Amino acid sequence: MQTHQYDVVIVGAGGAGMRAALEASGEVRTAVISKLYPTRSHTGAAQGGMAAALANVEDDNWEWHTFDTVKGGDYLVDQDAAEILAKEAIDSVLDLEKMGLPFNRTPEGRIDQRRFGGHTREHGQAAVRRACYAADRTGHMILQTLYQNCVKQNVEFYNEFYVLDLLTDHDLTTEDIGDGAEVNATGVVAYDLASGEIHVFQAKAIIFATGGAGKIFKTTSNAHTLTGDGMALAYRRGLPLEDMEFFQFHPTGLAGLGILLSEAARGEGGILRNSDGERFMERYAPTIKDLAPRDIVARSMANEVREGRGAGPNKDYVLLDLTHLEPAHIDAKLPDITEFARTYLGIEPYTEPVPVYPTAHYAMGGVPTNVSGEVLRDSHNVVKGLYAAGEVACVSVHGSNRLGTNSLLDINVFGKRAGRSAAAYAKTVDQHAELPADPTARVEAQLTEMRDRPDGERVAEVRKALQETMDANAQVFRTGESLGQALSDIRELQKRYANVSVQDKGKLFNTDLLEAIELGFLLDIAEVTVVAAINRKESRGGHYREDFPERDDANYMLHTMAYRRPTSAPDAGDGHVAGYFDHVEDFGDYKVVLGSKPVTQTRYEPMERKY
Amino acid sequence: MTAVLENPATESPKPEVGAVPSFEVTLRVRRYNPESEHGEESVWDEFTVTAHGTDRVLDALHKIKWEQDGSLTFRRSCAHGVCGSDAMRINGRNRLACKTLLKDVNPDKPITVEPIKGLPVVKDLVVDMEPFFASYREIMPFLITSGNEPTRERLQSAADRERFDDTTKCILCAACTSSCPVFWNDGQYFGPAAIVNAHRFIFDSRDEGGTQRLEILNDKEGVWRCRTTFNCTEACPRGIEVTKAIQEVKRAMITRAF
């Protein structure tokens, strides 16, 4: 075991992690721990753009952007946070340009902007050009630019280190910790993939920037490595997860594969058609049609297929039509995604429409934070020294449905904020808080048990069964019954997980072992997602209950806060909003308790959401 | 698998509408694991898996790992050619496993899969990427400017932006560098990827560090080692004209015009 001491430790080297590192590393001693090489992070797969009301090509302002974000999130957005997001967007884009990001340019040499779903002028009048972009590889450019600047600043990285535990000075799962009592995060425990050694990182401040959990689904745009590690670690250590029932399904995944085709395809003029060739979005969103927010487009597509108007031999997808666009325009604006269609489906987008179907894309929920990136341990108390930013976090700027281009924005705005707050906090702390007596005990026990377990079931079989039940029962359309099925399947899989074994028993680069550990994260995240979805008996944003098709503000204008607790613990959740969400799922060895947190409303009264 | 026809007189049933055809494919994988019985010796292992029409080499590797031999080790993440984790030598050519369809590499014969060359092998298909990233870091891969920062964005014409577009596509997968015979023989050579990333900044109209970078690449292990074999261009999964970029850097070194 090796022990390291830093002021700030950042877990994850995608956009949020590296943006935070650029802030913190100039101020205090900082390390970034990543289970991948930084440039492999999935920020690099983001395509279409980053929203900011620069008004470089037409009238725009941050207030319209705030409104669109709030309405796009079906009013479950914390409006103070959305306002920060939209205001600070402008500097975030300019920061990146100054760091060297090669944005596409207007004829005047300014940063070019294009249309994207749900982004409008004058509160919904018409689509607005707000997305700053670099062809259809904006995420790639952001990831590269941030990494380049980390190289410039000599940021210290621990690559291919898996963080497997979070250390705190109180056990939040069992201790009764009063309102206002101090809880500190003290470090993380990591596993070095190359050597199999365990490292302890003691830190004054820790930032989780571990990304999403798309691999709980079968059809997903997410990387194999997006297994919800940070969310699951926080959750297992007794921290709540917020709004986990809201998962975004991106409308245009390559059919059968889930590979993302950017919404920029529609921003640049692409049209969705059913088997009759009909532009069906005209029926679902008469004003902005194909550029409606993702939840609406994904549901409309799934509905076309369900009602028999799907295309293809099995009538199980719809078509993204770019054939009316000039090939030169496609090459200039959408080079990568058209190449995906050629490479993976053998489709030539110049002349043929591309088969597409919704693909699991983004977790709106996650580890709750305030606007400084500080992690909450209930509806209002923070954990000192613990921060989160990016997809792992829930601020909440995305509410129940994120607008396209707001996630590249989120990682920059809140990555920067988390980095700054963490560094500022670390400066106020004289001494590192003491670590628990045997900080690696839990991780060592977990790894040894998994490695030494004799012949059992294969990890891949359990994972496949999980992903299949999530696709079948917790996707675009959900019912109490389908979610109940998903939950009972997950419970069964949790039992099977206790019996999986790995074949690779070695210490060096044992990805077999880490895949088994990651499956444990996936199961916990899927479970809490489904429990929260069962409890929310309304339809809002990305969470659509066919048995409760209306939004129900009277009962559900609240964030869900899900806690994992021992069966013996009291059931009160956080108890700060009496009467709501006292839902408890008792699984015998532990239970999931659902509490709530009020939604912050400033300027905008909830209205019916029409486009 | 042998299908026994109940009634040999009837024609074989037509495949179900929309069913994806499947086929068997054999992968010959170069294995290396110092912890195994083979110690420091690398060995070939053959695996046969059932694949579907759109499956990639990565899918076949996953099938092996998930269904047959969990110890088979390789890197991967995004699985669609943008993260750069899974560059490997497939039938003797550097490619990304996630971008190479099995049907495109003739699945009738065994497909050989080896780690990329010129970097130390850690385990099976995993190599130590550190020397590769060290070269990258040496060419100062970041925008260098002087003077006060503008309040708004720096202006750049669309044509100036286009000038270095090709080299911005690099995903640092090392397919180019590890396909280069000069790099195989001389591990000190910067290699194509580092030069591509230098190009990306040298030809960026906003950058003022071109002279410094050219100085670095004028080193004996710099651009002059390139023998224009075009392996790098052929290997690049992003379609970057790597050799052309290297030539442009060489020319800039002579003319100091960039």
Side-chain angles (χ1 to χ4, degrees), chain A residues 36-37 39-42 44-45 54 93-94 97-100 102-112 134-135 137 140-141 144 148-149 151-152 194 223-225 256-257 259-260 312-314 316 336 339-340 343-346 458-461 502-504 506-512 515, chain B residues 17-18 20 33-36 54 56 62 65-67 69-71 73-85 99 101 122-124 126 128-129 133 136-137 140-143 145 149-158 160-161 164-165 168-172 200-201 204 206-207 239:
Chain A
L36 302 169
Y37 271 87
T39 57
R40 312 303 181 217
S41 303
H42 213 53
L54 298 183
V93 165
L94 297 177
E97 197 284 327
K98 288 169 195 172
M99 286 183 210
F103 284 107
N104 276 44
R105 299 289 171 154
T106 65
E108 299 76 37
R110 311 201 78 92
I111 294 168
D112 199 9
R137 44 181 91 105
H140 164 75
M141 299 300 191
Q144 295 291 325
Q148 289 157 4
N149 281 272
V151 170
K152 186 178 182 182
H224 286 286
T225 41
L257 295 170
I259 295 172
L260 181 66
N314 295 328
D316 58 357
D336 278 5
E339 194 195 317
F340 296 154
T343 303
Y344 296 113
L345 292 183
R458 284 182 186 276
V459 167
E461 282 172 26
V502 297
Q503 289 179 292
D504 194 337
K507 280 188 74 87
L508 306 183
F509 226 96
N510 190 341
T511 54
D512 200 20
E515 277 192 40
Chain B
V17 176
V20 185
N33 180 359
E35 290 182 303
S36 76
T54 56
R56 301 150 259 174
H62 269 148
K65 185 174 182 68
W66 294 343
E67 294 169 12
D69 183 352
S71 74
T73 304
F74 48 92
R75 291 191 178 100
R76 87 286 185 263
S77 188
C78 80
H80 65 283
V82 297
C83 81
S85 296
K99 245 190 131 171
L101 269 61
V122 173
K123 184 174 173 183
D124 293 348
V126 174
D128 178 5
M129 294 291 286
F133 278 101
Y136 167 78
R137 288 192 295 265
M140 303 195 295
F142 39 81
L143 192 75
T145 57
E149 291 220 315
T151 43
R152 290 288 293 198
E153 69 263 48
R154 291 190 173 79
L155 298 183
Q156 180 170 53
S157 73
D160 282 347
R161 165 66 181 79
F164 63 101
D165 186 63
T168 63
K169 295 189 294 194
C170 177
I171 53 174
L172 299 168
R200 178 252 170 275
F201 288 101
D204 184 333
R206 301 168 297 173
D207 184 81

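Not measured: the values here are computed from a predicted model. Each chain gets a letter, A, B and so on, in the order its sequence line appears, and its residues count up from 1.
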> Using a 4.5 angstrom heavy-atom cutoff, name the option from B/Val82, B/Leu172, B/Asp160 with the most pairs to chain A.
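So the answer, after comparing B/Val82, B/Leu172, B/Asp160, is B/Leu172.
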> Of the backbone (N, CA, C, O) and the side chain (C-beta and beyond), which part of A/Tyr344 lies under 4.5 Å from a heavy atom of chain B, both, or neither?
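For A/Tyr344, backbone and side chain are both near chain B.
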> Please look at B/Glu149 and chain A and tell me whether the side chain, the backbone, both or neither of the residue comes under 4.5 angstrom of a heavy atom of that chain.
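Answer is side chain: those atoms of B/Glu149 sit under 4.5 Å from chain A.
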> Between A/Lys98 (side chain only) and B/Thr151 (backbone N and O only), is there a donor and an acceptor less than 3.5 Å apart?
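Such a contact is found between A/Lys98 side chain and B/Thr151 backbone.
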> Pick from A/Asn104, A/Thr343, A/Leu345, A/Thr106: which one has the most heavy-atom pairs with chain B under 4.5 Å?
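Most pairs with chain B among the choices: A/Thr343.
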> Does any backbone or side-chain atom of A/Leu508 lie under 4.5 Å from a heavy atom of chain B? Answer side chain, backbone, both or neither.
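Both parts, backbone and side chain.
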> Is chain B contacted by the side chain of A/Ile111, its backbone, both, or neither, given a heavy-atom distance below 4.5 Å?
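When you check distances to chain B, atoms from both the backbone and side chain of A/Ile111 fall under 4.5 Å.
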> To check you understand the geometry: which heavy-atom pair defines the closest contact between A/Gly100 and B/Asp204, and what is its length?
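In this case the closest contact between A/Gly100 and B/Asp204 is O-OD2, 4.4 Å.
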> Measure A/Arg40 against the heavy atoms of chain B and call it side chain, backbone, both or neither at under 4.5 Å.
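A/Arg40 touches chain B through backbone and side-chain heavy atoms alike.
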> At a heavy-atom separation under 4.5 Å, does A/Phe103 approach chain B through its side chain, its backbone, both, or neither?
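Contact with chain B: backbone only.
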> Under a 4.5 Å heavy-atom cut-off, does chain A meet the side chain of B/Arg154, its backbone, both or neither?
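Interface part for B/Arg154: both.
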> Under a 4.5 Å heavy-atom cut-off, does chain A meet the side chain of B/Met129, its backbone, both or neither?
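Contact with chain A is through both the backbone and side chain of B/Met129.
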> Output the option from A/Met99, A/Glu461, A/Met141 having the highest count of non-hydrogen pairs under 4.5 Å with chain B.
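Between A/Met99, A/Glu461, A/Met141, the count favours A/Met141.
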> Within the 4.5 Å heavy-atom criterion, are B/Thr168 and A/Gln144 side-chain neighbours or not?
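They are not in contact (no side-chain heavy atoms under 4.5 Å apart), so the answer is no.
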> Charged N to carboxylate O below 4.0 Å: is that the case for B/Glu67 and A/Arg458?
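So B/Glu67 does not pair with A/Arg458 through a salt bridge.
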> Counting only non-hydrogen atoms closer than 4.5 Å, does B/Ser36 touch chain A with its backbone (N, CA, C, O), its side chain (CB onward), both, or neither?
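Interface part for B/Ser36: neither.
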> Between A/Glu108, A/Lys507, A/Glu339, who has the most heavy-atom pairs with chain B when the cutoff is under 4.5 Å?
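Highest number of pairs under 4.5 Å: A/Lys507.
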> Contact part of B/Lys65 toward chain A, heavy-atom cut-off under 4.5 Å: side chain, backbone, both or neither?
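The answer is both parts of B/Lys65.
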> In terms of heavy-atom pairs under 4.5 Å with chain A, which of B/Arg75, B/Met140, B/His80 leads?
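Among the listed options, the one with the most contacts to chain A is B/His80.
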> Can you measure from NE2 (A/His42) to SG (B/Cys83) and round to the nearest 0.5 angstrom?
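That separation rounds to 8.5 Å.
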> Do A/Lys152 and B/Leu143 come within less than 4.5 Å of each other through their side chains, counting heavy atoms only?
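When only atoms from C-beta onward are counted, B/Leu143 and A/Lys152 do not touch, as no gap falls below 4.5 Å.
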> Excluding sequence neighbours, so at least two apart, what forms side chain to side chain contact (heavy atoms under 4.5 Å, CB included) with A/Val151?
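Result, side chain to side chain contact (heavy atoms under 4.5 Å, CB included) vs A/Val151: A/Tyr147, B/Tyr136, B/Arg137, B/Pro141, B/Phe142.
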> Would you say that A/Arg105 contacts B/Glu153 through its side chain, given a criterion of any heavy-atom pair below 4.5 Å between the two side chains?
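Of all side-chain heavy-atom pairs linking B/Glu153 with A/Arg105, at least one is under 4.5 Å.
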> Given a strict heavy-atom distance threshold of 4.5 Å, which part of B/Leu101 is in contact with chain A: side chain, backbone, both, or neither?
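The side chain, not the backbone.
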> If only atom types and distance count, is the side chain of B/Ser71 paired as donor or acceptor with the main-chain N or O of B/Asp69 below 3.5 Å?
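Here the side-chain-to-backbone pair does not exist.
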> Classify the ring geometry of A/His224 against B/Trp66: parallel below 30°, tilted from 30° to 60°, perpendicular beyond 60°.
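Geometry flag for B/Trp66 against A/His224: perpendicular rings.
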> Hey, which of A/Leu54, A/Leu260, A/Asp316 has the most heavy atom pairs under 4.5 Å with chain B?
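Winner by heavy-atom pair count: A/Leu54.
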> For A/Gln503, which atoms come within 4.5 Å of any heavy atom of chain B: side chain, backbone, both, or neither?
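For A/Gln503, the contact with chain B is made by the side chain alone.
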> Can you tell me which portion of B/Arg152 sits under 4.5 Å from chain A's heavy atoms? Options are side chain, backbone, both or neither.
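Backbone plus side chain of B/Arg152, per the 4.5 Å heavy-atom cut-off to chain A.
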> Using a 4.5 Å cut-off on heavy atoms from C-beta on, say whether the side chain of A/Thr39 contacts that of B/Phe133.
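The answer is yes; the side chains approach within 4.5 Å.
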> Heavy-atom pairs under 4.5 Å with chain A - which of B/Ala79, B/Gly84, B/Gly81 has more of them than the others?
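Most heavy-atom pairs under 4.5 Å with chain A: B/Gly84.
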> Can you tell whether the side chains of A/Glu97 and B/Arg161 come within less than 4.0 Å, N to carboxylate O?
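A salt bridge is absent here (no side-chain N lies under 4.0 Å from a carboxylate O).
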> Given the options A/Ala460, A/Ser41, A/Ala135, A/Gly44, which has more heavy-atom pairs under 4.5 Å with chain B than any of the others?
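Top count of heavy-atom pairs under 4.5 Å with chain B: A/Ala460.
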> Most heavy-atom pairs under 4.5 angstrom with chain B, which of A/Leu257, A/Asp504, A/Val459, A/Asp112?
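Greatest number of close heavy-atom pairs with chain B: A/Asp504.
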> Would you call A/Glu515 and A/Val502 a side-chain contact if the rule is heavy atoms closer than 4.5 Å?
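A/Glu515 vs A/Val502: side chains apart.
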